[in-house]
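Worksheet: the structure to be examined is printed underneath.
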2 protein chains.
Amino acid sequence: MARIKGQGPTDKELAILKVLWAKGPSTVRQVNDEINKQEKTGYTTTLKLMQIMTDKGLLIRDDSTFKHVYEPAASAEDTENRIVGDMLDKVFAGSAEKLVMRALSAKQITAEERKNIRQILDQMED
Amino acid sequence: MARIKGQGPTDKELAILKVLWAKGPSTVRQVNDEINKQEKTGYTTTLKLMQIMTDKGLLIRDDSTFKHVYEPAASAEDTENRIVGDMLDKVFAGSAEKLVMRALSAKQITAEERKNIRQILDQMED
DNA sequence: TGAATTTTACGAAACGTTTCGTATTTCATT
DNA sequence: AATGAAATACGAAACGTTTCGTAAAATTCA
């Protein structure tokens, strides 16, 4: 049942993961309520999605109680790294430099953010 | 017929665009030959895809001659910026800093690349 | 206990992408 | 012009995602 292809989570799957990362282990209702703050979605739709994500290995389900509790199988950090890594290969032929350039030009960043990025670069010099 | 949603090109669409960006305006056969160097794909499959991409506004077709010639409607630069911008919003809540951090940790980059990134940051200080 | 409520399970429809078979059109060669 | 080769057009199937209606199961509470 485990995920085979290298494709990352879909948009809807990512929305569910973000709720779980932010709120911690949650029931379908909790996730659906949260998602409905941004976009109206039927309860069974969210349920089905989370069941499929469990089959795929994206979520872990505790069904020892009536209201099943779900949590992400992977951390936000790992998942974000994976998504960025996929895009790196797919769009930029593996060049992190090109991706960074695009990220910087795609959105105006503040002097503060530039400073933080420099610090990260400094830390990598070792 | 123009594309409505903000979604970027799909994987296959991107593969076609990359060929056209690299090789310049091309026929379906030229694109299909190029794609088949990496993955076997039927000629009519590529044809259909390029026809749909034309409908979507991703490609521009010159059908004044027998062998239609296609070219991308947008530059690689614009498309890459768009893809990164979408990911920025979708995954990183608009934080370019977070995306850059992930890009740097997703792949080992060289001292040379770090230097180039610093130069980009320097240029933004004005 | 029994009725109402909440949750889960299941199946299928709607949608977009990708693939390809077949028919039609256009061109090149003789 | 006739034949064969190459290209395009068309339709539909296969696939995965997303949506939801309905049924079944579990829980709550009156």
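Basis for what follows: all heavy atoms, side chains included, without hydrogens, waters or symmetry-related copies. Numbers restart at 1 for each chain; the letters A, B, ... are given by sequence-line order, proteins then strands.
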task: Kindly point out which of D/dT18, D/dT22, D/dA7 is positioned nearest to the side chain of B/Y43?
output: D/dA7

query: How sharply is the helix from C/dT1-D/dA30 to C/dT30-D/dA1 bent, taking the axes over five pairs at either end and rounding to 10 degrees?
result: 10°

message: Tell me whether the side-chain N/O atoms of B/R61 come closer than 4.0 Å to OP1 or OP2 in D/dA9.
response: yes

field: Atom pair distance, as rounded to whole Å: CD1 in A/I52 and C1' in D/dC15
entry: 13 Å

- line: So CG of B/L58 and CG of B/L49: to nearest 0.5 Å the spacing works out to 10.0 Å

message: Please check this pair: side chain of A/K107 against backbone of B/G94, looking for a donor-acceptor N/O pair closer than 3.5 Å.
response: yes

task: In whole angstrom, give the distance that lies between atom CG of A/D11 and atom P of D/dG16.
output: 18 Å

query: From the list C/dG21, C/dA9, D/dT19, which nucleotide is the closest neighbour of the side chain of A/T44?
result: C/dA9

message: Just verifying a value: how many Å separate A/I16 CD1 and A/W21 CH2, rounded to the nearest 0.5 Å?
response: 11.5 Å

- request: Starting from P on D/dC10, measure out to NZ on B/K48 and report it in whole angstrom.
  value: 8 Å

message: Does a side-chain N or O of A/T45 approach OP1 or OP2 of D/dC20 to a distance below 4.0 Å, or not?
response: yes

message: Would you compute the distance between atom OG of B/S26 and atom CD of B/E34 and round it to the nearest 0.5 angstrom?
response: 8.5 Å

message: Does this structure show an ion pair linking A/E39 with A/K12, if we count only N-O contacts that are shorter than 4.0 Å?
response: yes

- prompt: In whole Å, what is the span from the CE atom of B/M53 to the C1' atom of C/dT19?
  reply: 16 Å

- request: State which residues pass side chain to side chain contact (heavy atoms under 4.5 Å, CB included) with A/D89; sequence neighbours excluded, sorted by chain then number.
  value: none

- prompt: To the nearest angstrom, how far is B/L49 atom CG from C/dT17 atom C1'?
  reply: 8 Å

message: Please tell me if B/T41 has a side-chain N or O lying less than 4.0 Å from either OP1 or OP2 of C/dT19.
response: no

- request: Answer yes or no: is there an ion pair linking A/D122 with B/R118, defined by an N-O contact shorter than 4.0 Å?
  value: yes

- prompt: Looking at DNA chain C, which of residues 21-40 of chain B put a heavy atom within less than 4.0 Å of it?
  reply: none

task: Let me know the distance between CG of A/L47 and C1' of D/dC20, rounded to the nearest Å.
output: 11 Å

- prompt: Without hydrogens or angle criteria, can the side chains of A/N32 and A/T41 be said to hold a donor-acceptor pair below 3.5 Å?
  reply: no

- request: Using heavy atoms to find the nearest nucleotide of DNA chain D for A/G42 and B/Q51 separately, return the residue whose nucleotide is more 5′.
  value: B/Q51

- request: Kindly write out the residues that satisfy salt bridge (charged side-chain N to carboxylate O under 4.0 Å, His left out) with A/K67, not counting sequence neighbours, or none if the list is empty.
  value: none

task: Supply the members, apart from B/I120, of the Ile/Leu/Val/Met/Phe/Trp/Tyr cluster built from side-chain contacts under 4.5 Å; use none for a lone residue.
output: A/V100, A/M101, A/L104, A/I109, A/I117, A/I120, A/L121, A/M124, B/V100, B/M101, B/L104, B/I109, B/I117, B/L121, B/M124

task: Answer yes or no on whether A/R29 is positioned over the face of A/Y43, meaning its NZ or CZ is under 6.0 Å from the six-membered ring centre and within 45° of the axis.
output: yes

DNA chain C-proximal residues of residues 62-75 of chain A, any heavy atom under 4.0 Å: A/F66, A/K67, A/H68

query: Could you state the CG-P distance from A/D55 to C/dT8, rounded to the nearest angstrom?
result: 15 Å

Length of the line joining B/L58:CG and C/dT17:P, which is rounded to integer Å: 10 Å

message: Under 4.0 Å between a side-chain nitrogen and a carboxylate oxygen: does that hold for A/E71 and A/R61?
response: no

